[in-house]
Amino acid sequence: MENQKKFYITTPIYYPSDKLHIGHTYCTVATDAMARYKRLQGCKVMFLTGTDEHGQKIELKAREAGVTPQQFVDNIVEGPRGVKDLWKLMEISYDRFIRTTDDYHVAAIQKIFKKMYDKGDIYKGTYKGKYCTPCESFWTESQLVNGCCPDCGRPVVDAEEEAYFFRLSKYADRVRDLLVNTDFLQPRSRVNEMVNNFIDKGLEDLCVSRTSFNWGVPVDFDPKHVVYVWIDALFNYTTALGFMNDRYPDSDYQTFWPADVHFVGKEIVRFHSIIWPAMLMSMEMPLPKQVFGHGWLLLDGGKMSKSKGNVVDPYLLSEKFGVDALRFFLMRTFPFGSDGNFSNELLIQTINTDLANDLGNLLSRTTAMADKYFGGVLGEGAGATEDEKYLDELYAQARQSRSEVQLAFNFPEGDPVKYDVELITAALELREKYENAMEHYAPHTALAEVFRVIDRANKYIDENAPWALAKDMEQNSARLAHVLYNLLEVTRICGVLLQPFMPESCAKLFAQIGAAEDARTWESAAQWGVLDSCAAVHKGENLFPRVDMDKALAELEEAEEAARKAALPPIELEPQLTEQVDFDTFCKSDFRAVKVKACEHVKKSAKLLRFTLDDGTGADRQILSGIAMYYEPEELVGKTLIAIVNLPPRKIMGLESQGMLISAVHTEKGEEKLHLIMVDDAIPAGAKLC
């Protein structure tokens with residue numbers, strides 16, 4: 001395996017200020033599918049993901065939570081339903097997981113910072129400008145959009161402090177040439193944005209240290225400074241390979257660097273396509289081969305964001321529809337370089353159309369017919385014919401086009417062999433089309449090619465009508481067995497190419513069609529007749545059951561609401577008033593014990609109860625209170641309550657209310673709770689509170 005091709009791919013390292021959402025999952029599933037595809041091809045793959053754990057925002061969040069910053073990030077990353085739990089659930093096959101709080105990374109960053117400083121590419125100065133705390137980004141006035149951060153749209157603050165700067169301007173021309181004259185940044189549409197908005201406007205030197213907070217990598221030769229986020233974060237792609245540390249062997253760096261591709265969200269393309277190559281140029285290190293900036297998943301037209309409260313929980317969707325269905329939906333539905341509008345309706349529609357109707361139906365019908373008509377074993381002679389083997393050889397030798405290959409065959413009118421050749425040529429062309437799409441980081445196109453062949457296979461069922469052939473098994477048995485073999489073989493080839501997207505479901509698919517390990521390989525996906533015609537076929541579980549749209553949406557809404565409430569603080573109290581009231585004013589409020597003589601609902605009101613009260617004066621007092629959602633009237637009769645009795649009377653729905661009953665209120669899991677103040681019944685009506 002000395003000549004085995006190497007492939008190094010990374011996700012961004014995610015910022016653990018809160019639980020991750022479907023947008024993070026989208027990027028990570030895409031990276032995982034690419035890594036699995038390369039492993040399927042036989043490459044030696046390094047797939048890196050991780051978390052970017054330093055910075056002012058983490059420090060503030062930890063303080064609000066009453067824990068240390070390390071405890072805060074540990075909970076987000078390692079805790080229940082944290083980052084690692086989510087990637088395990090989503091079947092993410094990463095090879096390494098880096099945390100920027102790892103000791104080996106911290107030590108390496110200090111060495112990198114010092115090397116750039118010694119070279120003169122980092123110098124001390126004073127920063128004065130605009131700062132976005134959530135993004136941890138400095139901006140010039142001209143870069144702001146309506147006075148706000150151009151990345152997240154939130155307000156910025158004025159900042160001034162002593163800082164170290166990286167001479168980014170020194171590398172402006174080289175970075176511009178890299179972007180304009182190479183394919184370093186993909187999709188190509190992102191290049192003009194970077195050049196026009198950042199480089200050609202004048203690339204300013206970059207602030208790379210802070211003194212206003214402590215949660216970061218200390219600058220070891222100037223301890224009041226901590227390394228600012230982008231040196232700390234970006235060099236993770238090299239420190240995780242052993243660069244400037246002893247955690248991993250340096251040979252890993254020599255083997256895998258430079259990265260073949262960094263997959264990142266478009267909001268951090270600037271950092272990866274301008275700042276990152278400039279820093280590597282400073283360190284005289286090889287540059288990554290490509291940076292691919294994918295689009296956002298949008299919800300109601302806007303980017304998902306915890307601060308906006310519009311995020312989608314991948315745990316809920318996976319539990320409801322299955323991990324593979326969610327993985328497939330994310331890769332099938334949205335062109336990877338563009339934004340996509342996410343909705344639960346679209347997810348369910350994709351599951352029903354592609355997985356249940358097309359792939360699921362093909363697998364279910366074919367295995368059911370093999371079971372029914374042949375007891376699950378098609379038998380000798382059912383496999384590829386001599387002509388079909390010749391067809392396979394033509395593709396293997398020359399890779400001719402479909403039309404050229406079909407010219408080698410003459411089809412008499414109505415000859416069913418025509419359908420065989422059309423199906424087989426579609427299957428034999430598939431891997432090349434799929435590979436071309438995957439190599440251009442277009443998983444949605446690769447999946448579209450697979451499903452064109454699946455559609456052709458379903459059409460092939462109708463063209464050959466196996467159920468009609470089965471009416472005369474003596475005459476048609478051989479033809480029927482061959483038709484079913486062709487369907488199983490197409491299903492196998494499609495299953496091989498779907499493995500990077502739905503690994504667990506494809507393993508089940510192979511088990512149902514009797515595909516051995518050597519029939520699940522990349523090489524076998526370009527060959528016809530690999531499946532053993534005597535292999536045992538059985539109709540197993542329905543891999544992709546059809547989803548009832550209305551029922552599923554209602555259940556999702558209920559689950560999302562329950563999850564939202566579960567995430568809320570258990571108890572929230574109204575803040576205490578800071579305005580002081582003098583003692584004489586307080587004494588003017590007359591609080592009395594009152595006994596409930598009668599209580600009833602106010603007609604035409606869902607909220608109001610009408611109380612008839614004994615206040616000790618000998619005359620009944622009437623008070624209306626909006627607490628009908630908390631109490632039934634009959635349960636309050638006879639209770640001793642507290643009322644303020646010297647408020648001016650007021651009319652409510654035509655009825656006079658003579659005072660106010662005193663209650664205690666708090667919020668529990670987002671829901672308001674109210675309790676009437678009830679006192680010892682031994683207290684006589686009219687007793688004054690003092």
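These values consider heavy atoms only, across backbone and side chains, with no hydrogens, waters or symmetry-generated copies. Every value quoted in this text rests on a predicted model; they were computed, and no experiment measured them.
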### Query
Which ring-ring contact (aromatic ring centres under 6.0 Å, His included) pairs, counting each pair once, include a residue from residues 480-520, with sequence neighbours left out?
none

### Message
Centroid separation under 6.0 Å, is that true for the rings of His294 and Tyr441?
### Response
no

### Summary
By side chain to side chain contact (heavy atoms under 4.5 Å, CB included), Ser318 pairs with (sequence neighbours left out) Leu89, Met90, Val323, Leu326

### Message
Using the rule given for salt bridge (charged side-chain N to carboxylate O under 4.0 Å, His left out), can you reason through Glu78 versus Lys84, listing the C-alpha separation, both sets of side-chain angles and the distance that settles it, and then say yes or no?
### Response
CA-CA 6 Å; Glu78 308 275 358; Lys84 287 190 173 180; 3.2 Å; yes

### Message
Closer than 3.5 angstrom, by distance alone: can the side chain of Arg154 be matched with the main-chain N or O of Thr133 as a donor-acceptor pair?
### Response
no

### Query
Under a 4.0 Å N-O cut-off, is there an ion pair linking Arg456 with Glu463?
yes

### Query
Where do Ser524 and Ile493 come nearest, in terms of heavy atoms and distance?
O-CG1, 4.4 Å

### Message
Donor-acceptor check, side chain of Gln290 to backbone of Gln186, threshold 3.5 angstrom: yes or no?
### Response
no

### Message
Tell me if a side-chain donor or acceptor on Arg96 pairs with a main-chain N or O of Ala240 at a distance below 3.5 Å.
### Response
yes

### Query
Between the side chain of Thr28 and the main-chain N/O of Thr25, is any donor-acceptor distance below 3.5 Å?
no

### Message
Under a 3.5 Å cutoff, is there a donor and acceptor pairing between the side chains of Tyr630 and Glu672?
### Response
yes

### Summary
Taking every heavy atom of Val377 against every heavy atom of Ala536, the minimum-distance pair comes out as CG2-CA, 4.3 Å

### Separation between CZ of Phe544 and CG of Leu355, rounded to the nearest 0.5 Å
5.0 Å

### Query
Which of parallel (below 30°), tilted (30 to 60°) and perpendicular (above 60°) describes His262 and Trp276?
tilted

### Task
Go through Phe336 and Phe263 one step at a time and tell me if the ring pair (Phe, Tyr, Trp, His ring centres under 6.0 Å) criterion holds.
CA-CA 10 Å; Phe336 191 51; Phe263 278 179; 5.0 Å; yes

### Query
Taking atom types as modelled, is there a side-chain donor on Gln41 or Glu435 under 3.5 Å from an acceptor on the other?
yes

### Task
Please name the pair of heavy atoms, one in Val453 and one in Cys494, separated by the smallest distance, quoted to 0.1 Å.
CG1-SG, 3.9 Å

### Task
Indicate the atoms forming the closest heavy-atom contact of Pro12 with Cys27, along with that distance.
CD-SG, 3.6 Å

## Note on the structure
In short, Val269 meets Met194 closest at the heavy-atom pair CG1-SD, 3.8 Å

### Summary
Test side-chain contact (heavy atoms from CB on, under 4.5 Å), reference Ile13, set Leu234, Thr100, Thr51, output is Thr100

### Query
Going by the angle between their ring planes, with limits at 30° and 60°, are Phe329 and Phe342 parallel, tilted or perpendicular?
perpendicular

### Query
Counting distance only, does the side-chain N/O of Arg479 pair as donor-acceptor with the main-chain N or O of Leu469 below 3.5 Å?
no

### Between Arg99 and Asn236, a side-chain donor and acceptor under 3.5 Å
no

### Message
When you measure from the side chain of Asp371 to the backbone of Lys539, do you find a donor-acceptor pair of N or O atoms at a distance under 3.5 Å?
### Response
yes

### Query
Which word best sums up how the rings of Phe451 and Phe328 line up, parallel for under 30°, tilted for 30 to 60°, or perpendicular for over 60°?
tilted

### Message
Test your reading of the model: is there a side-chain donor-acceptor pair from Asn458 to the backbone of Asp358, 3.5 Å cut-off?
### Response
yes

### Task
Keeping the roles fixed (side chain from Thr425, backbone from Glu422), state whether a donor-acceptor pair exists under 3.5 Å.
yes

### Message
Check the orientation of Tyr237 and His272. Use parallel for under 30°, tilted for 30 to 60°, and perpendicular for over 60°.
### Response
tilted

### Cation over ring face, Lys289 and Phe184, 6.0 Å, 45°
no

#### Entry: Residue pair Pro500 / Asp32: nearest heavy atoms and the distance that separates them
O-OD2, 4.4 Å

### Task
Answer yes or no: is there an ion pair linking Lys266 with Asp339, defined by an N-O contact shorter than 4.0 Å?
yes

### Message
Test of understanding: with salt bridge (charged side-chain N to carboxylate O under 4.0 Å, His left out), list the residues that count as partners of Lys57, not counting sequence neighbours.
### Response
none

